[in-house]
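Comments concern the structure below.
Here is the naming used below: chain letters follow the sequence lines, and residue numbers restart at 1 for every chain.
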Amino acid sequence: MANKFFMDLLNKIPKRISNFNSLSMGIAAYIDDVLKSRRMNQGDLAKLLGKKDSQISKWLGGQHNFTIETIANIEAVLDIQIIRIPIYREDEIAFGKKPFEAQFRIDPEKMVRIDKLHPVGVSNSQKSTVTVNLNDWRKLVHAGY
Amino acid sequence: MKKIKILEYYAGPKAKFYVIRFLDKEDDEFTLLAQELIKAGHEEKVVRVVGQIKFMADKTGARDYFKDEGPNCVFRFRIRKNKDKSKKKEDAVHPARFYCIKYGESVVLLGGGGIKLPGTEKTQDQTDLDHATKVLGKINETLTDLNIKGYEIEDYINKVFEIEGI
């Protein structure tokens, strides 16, 4: 059962603060997921963007006030879409920004490793290879695979 | 030597937050700190941290949203500075410090903290902040000595621990 003092404070959070948290922390978490799924670290992202590691650490700290330009740059170097705007950014989904998927080998006992990453639709005839969506990938990463 | 209990604070599908309560105090360290900061006019900072806790517990887990405070798994919450120029200068330069122990991305033990004063360079330079981090460090050492892993903490809720050295 949640602490009463905590729950009372939750009811006092202004909408602008909960919106800010969900945007900044959500964006940080999504970028983190993408990096982990590609076996990249923050230093790799820093190199792609020509930034210092400390800057990336600040961005992924969950309280950063991202500029549109920063988000656009991150989207470009990682080839992902972080922000979706109804109507005005839906075309990008139709033009190839598909859900991110990872393929990896499984042995009969457990997941073994990541082989490579493919966009949706790439077929693989090997019985031991399975395609999962990004949500499943997060579960695997958190389980330590 | 002090006696403490670990209590559940807020649990979500992605992370669980616990608090530390000294048996000789009226409430847990996080609540006492939050109440002190609210009284001192920093309610917005407290509310931001509460919002972060909920978001981590419900959505993302306790990721790199913390600043590392050195050994013993002690971290602190990242809190945005107030950049509103209409506010008093003190408000912009007195960042609140909420310390915790983080075990991976799914277990956080909330501790105490305080307000970092201007001129304080390191945590060790300010008595209340240094004490808060040392207390958490000792608690982490005790749990480690007892071979209690982070994910096992829920099995020790409401049990009394004796912490040496504080």
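Aromatic ring pairs are classed by plane angle as parallel below 30°, tilted from 30° to 60° and perpendicular above 60°; the pair B:Y9 and B:F30 is perpendicular. Relative ring orientation between B:Y10 and A:F6 is described as tilted, the plane-to-plane angle lying within the 30° to 60° band. Classified by interplanar angle (parallel below 30°, tilted 30° to 60°, perpendicular above 60°), the ring pair A:W59/A:F66 is tilted.
Contact of B:I38 with chain A is made through the side chain alone, with heavy-atom distances under 4.5 Å. Contact annotation for A:I13: both backbone and side-chain heavy atoms come within less than 4.5 Å of a heavy atom of chain B. Residue B:D28 touches chain A through its side chain alone, counting heavy-atom pairs closer than 4.5 Å. Using a 4.5 Å cut-off between heavy atoms, A:S18 makes no contact with chain B at all. Looking at A:S24, neither its backbone nor its side chain comes within 4.5 Å of chain B, counting heavy atoms on both sides. With a 4.5 angstrom heavy-atom cutoff, B:Q35 touches chain A via backbone and side-chain atoms both. For a residue to count as touching a neighbouring chain, one of its non-hydrogen atoms must lie under 4.5 Å from one of that chain's; by this rule B:V19 does not touch chain A.
Checked against the 6.0 Å centroid threshold, B:F75 and B:Y99 do not count as a close aromatic pair.
Counted by atom type alone, B:T142 and B:D145 present zero donor-acceptor pairs between their side chains at under 3.5 Å. Side-chain contact check for A:N21 and A:Q63: at least one donor-acceptor pair (N or O, by modelled atom type) lies under 3.5 Å. Side-chain contact, A:Q42 with B:D64: a donor N or O sits under 3.5 Å from an acceptor N or O. A donor-acceptor contact under 3.5 angstrom links the side chains of A:T70 and A:T67, judged on distance only. For B:N140 and B:Y103, the side-chain atoms include at least one donor-acceptor pair closer than 3.5 Å.
Within 6.0 Å of atom CD1 in A:I68, 12 or fewer heavy atoms from other residues, nucleotides or ligands are found, so the atom counts as exposed in its surroundings.
Cation-pi geometry between B:K159 and B:Y156 is satisfied (NZ or CZ under 6.0 Å from the ring centre, within 45° of the ring normal).
Contact residues of residues 123-138 of chain B toward chain A are absent (heavy-atom distance under 4.5 Å). Within residues 48-57 of chain B, the residues having any heavy atom less than 4.5 Å from a heavy atom of chain A are, in residue-number order, B:R48, B:V50, B:G51, B:Q52, B:I53, B:K54, B:F55, B:M56.
Comment: A:R16 engages B:E44 in a salt bridge, judged by a side-chain N to carboxylate O separation of less than 4.0 angstrom. Ion pairing of A:K12 with A:D8 is absent here, as no side-chain N (NZ or NE/NH1/NH2) approaches a carboxylate O to less than 4.0 Å.
Of the listed residues (A:G26, A:G62, A:S22, A:P14), the one with the most heavy-atom contacts under 4.5 Å to chain B is A:S22.
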